[in-house]
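Below: the structure, in structure tokens.
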Amino acid sequence: MNGRRCSAFNGRGGQCLCALVCVMAWFSPAWGQVSGGALNLRDFGAVGDGATNDAPALQAALNALADAGGGTLLVPPGRFAIQTPVTVDFLYRASAVVVQGVGSSSQLILQTGEQADALTLINAESVLLDNLTFVGVPDAATDARIGLYFYQCLQAKLRRCDFYGVRSLVAGGAVIASYWTDLRIEDCAFRGCSGNSAAGVPVIQNENWRGLTVTGTDFFDFGWLNGVYHSKTTVPPWAWIRLGEPVPLDGNGQNRVLLSQVRMDEGAQFGLLCNPNSATSVRASFIQLAGVLMNGSSLSGARGVYVRHADSVRIEQSWFGYATQPRTAIELVGVRHAVLDAVRCEAGMNRIVADVSVGSLVVRESIYAELQSDARVTRVEKDGITAFLRRADGPILAHSLVMWSPFLSGRVGQASADAHASSIAGLSLDGAARAGDYVRVVVPDGQVVPMRSDGAAVIRRGDAVGVSSSLPGRVRSITTDIQIGRAVSSVDAVADALVLVEFFFAPLPAPAPVAPPDVTPPPAPAPVTPPDITPPPLPLSISAVTVTPTSLPASGGAVTVTVLVGGSQPVSSVAVLLTEIVGLSRMVTLNAIGDRVFSGVLPLPANPSKNQARTFGITVIARDAAGGEAIAAGESVTINAKKSGKQQNPKHTRSPRKRLKGGNNP
């Protein structure tokens with residue numbers, strides 16, 4: 001592996017809703033700070049011979065660590081076979097947990113098969129797995145449904161951990177999966193690991209994710225360990241890394257993703273795939289790739305980076321290439337703002353795509369062969385020249401004229417004797433080009449070409465001109481029908497063509513005395529229909545939740561919950577989920593009492609306990625007819641005990657597990 005690198009990204013905290021349990025405060029302990037002492041896996045009966053099932057010993061060791069309130073579990077040198085599932089819930093037991101190995105000598109061999117997850121860690125505030133090696137069995141089709149599963153962990157970190165030949169081919173599986181977790185992977189390697197693209201199985205799966213940071217990490221198709229060659233990519237993974245639904249955060253939080261100094265081989269259909277399950281889901285706040293090197297896959301429909309439904313995307317100092325067939329390096333859908341800075345897309349992996357749902361795209365000092373951008377605004381900066389990509393509102397026919405101005409961007413009209421045409425590839429300014437005037441053109445491969453009028457004569461009014469393929473640097477009349485909307489390297493006889501253009505006009509010499517010009521005003525231009533700027537409907541949101549009262553006597557009673565629903569989508573239902581630490585109570589539907597205001601009465605039972613108050617959590621769920629959903633938490637409600645006494649912690653109940661969903665190609 002390369003030298004160890006550290007991340008420059010620090011995720012921002014916030015408060016988030018703990019599904020079906022309670023509202024938890026954000027907590028960020030320092031990695032490695034633990035509250036208990038160090039335990040040794042062999043002290044719990046682990047053999048480490050690669051054949052004996054050491055899963056019961058690992059289960060007992062982690063339970064002891066949890067009962068001790070946290071600490072460090074040492075995994076000594078050995079080959080510890082995990083043949084049965086290991087699951088530990090740290091809720092109300094431990095906060096900071098460390099599992100520490102000694103590198104390639106500390107091996108966990110995953111052998112639970114396609115029906116079970118190998119190692120599942122639940123409800124830890126911070127968990128660190130450091131210097132461990134996870135190994136699959138070379139002749140096994142699926143080593144585990146999920147090899148390593150972090151469920152509702154505030155922060156989970158893998159540092160200096162390597163994975164050799166671990167594979168999952170079953171729907172809902174992954175080598176690593178996280179749910180409702182901020183996952184951080186630092187200086188790790190995945191060698192010969194795989195999922196199943198046909199079943200939507202990636203190597204790393206993130207669902208309802210808080211954040212993702214991957215630094216100094218390799219994803220390779222093969223690897224050697226202890227003289228054994230590990231390679232299981234004959235069935236390719238759906239993606240090396242897949243991001244599904246983000247966690248709904250409040251106004252102080254962000255869902256952030258950082259990939260830095262990451263290398264990805266060509267084995268997966270996608271390198272990074274961000275495709276939430278619906279367009280109404282929570283948006284990723286910020287996705288950044290820096291120093292990413294990615295070999296292109298030759299699989300059908302393969303892309304390097306595919307991002308859908310994000311606020312901001314930035315890719316810089318990264319390289320895409322070595323595809324045996326032309327493939328898309330970067331594809332953006334539903335992204336509000338994207339910047340590609342110093343990105344090299346070449347050697348077959350040379351296409352950049354942004355669809356009409358992208359707000360703005362800036363491509364700065366980058367190399368590529370094809371830019372297909374239908375973004376509302378596209379800006380290309382190359383060698384100090386800035387060019388804007390403009391889309392016409394219809395086909396450009398032979399001798400037609402495209403009027404370009406701040407007010408008439410890309411409007412197609414018929415060239416006439418009174419029209420002023422000085423265009424490149426059908427793009428024109430509202431002015432005439434004289435002999436010696438020139439424009440500078442940024443063609444799709446990033447090359448800057450200065451263009452001059454062809455000949456000593458003035459380009460006649462009414463002429464439309466285009467790039468001359470036989471004489472670069474000269475212009476000629478358009479004789480074929482072309483369509484603006486796609487970037488290609490030539491406009492000759494191409495159905496879809498576009499060239500990025502910036503206009504510069506040479507200064508004119510002092511004119512000779514001439515007769516006074518005709519100052520008859522030209523006819524007024526035809527009225528232009530203004531574009532439709534009606535904003536899209538705002539998704540549902542929970543603006544306010546009021547619960548009264550928040551404390552009841554031991555005899556019970558009822559509370560009133562009032563909810564104000566924001567957004568502009570019609571509301572189909574608003575319900576209140578009433579939960580208790582020791583068990584689920586029920587869900588009650590609220591009634592509409594005003595414009596987007598809903599209210600209802602929730603009866604609460606009497607408290608049979610004499611010494612312990614009962615606490616109920618209030619969760620509000622609003623839905624619209626299209627399947628959109630908004631979730632928020634209200635004040636908790638306490639039913640007091642019959643008589644005062646020392647408060648005990650409620651009996652622990654394990655949080656419900658949510659199986660990961662498989663996906664389809666976008």
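Throughout, residue positions are numbered sequentially from 1 according to the sequence presented.
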- Query: Less than 4.0 Å between a side-chain N and a carboxylate O, is that true for Asp182 and Arg184?
  - Reply: yes
- Query: Do Asn275 and Arg242 have side-chain N/O donor and acceptor atoms under 3.5 Å apart?
  - Reply: yes
- Message: Is the shortest side-chain heavy-atom distance between Val135 and Val166 below 4.5 Å?
- Response: no
- Task: Dump the intermediate steps for side chain to side chain contact (heavy atoms under 4.5 Å, CB included) on His230 and Phe222, then the final yes or no.
- Result: CA-CA 6 Å; His230 293 272; Phe222 61 91; over 6 Å; no
- Describe, in one word, how the ring planes of Phe270 and Trp238 are oriented to each other, choosing from parallel (under 30°), tilted (30 to 60°) and perpendicular (over 60°). perpendicular
- Take Tyr306 and Val333 through the test side chain to side chain contact (heavy atoms under 4.5 Å, CB included) and record every step on the way to the result. CA-CA 8 Å; Tyr306 180 94; Val333 178; 3.8 Å; yes
- Note on the structure: Looking only at heavy atoms, the pair that brings Asn40 and Leu73 closest together is C-CD1, 4.1 Å
- Decide whether Asp130 and Gln100 meet the rule of one side-chain donor and one side-chain acceptor closer than 3.5 Å. yes
- Message: Quick one, Leu158 and Phe163 - any side-chain contact, counting heavy atoms below 4.5 Å?
- Response: yes
- Between Arg93 and Val88, which heavy-atom pair has the shortest distance, and what is it? NH1-CG1, 4.4 Å
- Counting heavy atoms not belonging to Glu635, are there more than 12 under 6.0 Å from its CD? no
- If you measure only the distance, is there a donor-acceptor pair under 3.5 Å linking the side chains of Asp311 and Ser285? no
- Query: Do Gln115 and Arg145 come within less than 4.5 Å of each other through their side chains, counting heavy atoms only?
  - Reply: no
- Heavy-atom closest contact (Gln152 atom, Thr181 atom, distance): N-OG1, 3.6 Å
- Task: Examine the side chains of Ser104 and Asp162 and answer whether a donor and an acceptor come within less than 3.5 Å of each other.
- Result: no
- Taking C-beta and beyond as the side chain, do Leu121 and Val99 meet within less than 4.5 Å on heavy atoms? no
- Query: Under the side chain to side chain contact (heavy atoms under 4.5 Å, CB included) criterion, do Arg191 and Trp224 qualify, and how do the steps go?
  - Reply: CA-CA 8 Å; Arg191 303 180 186 274; Trp224 290 88; over 6 Å; no
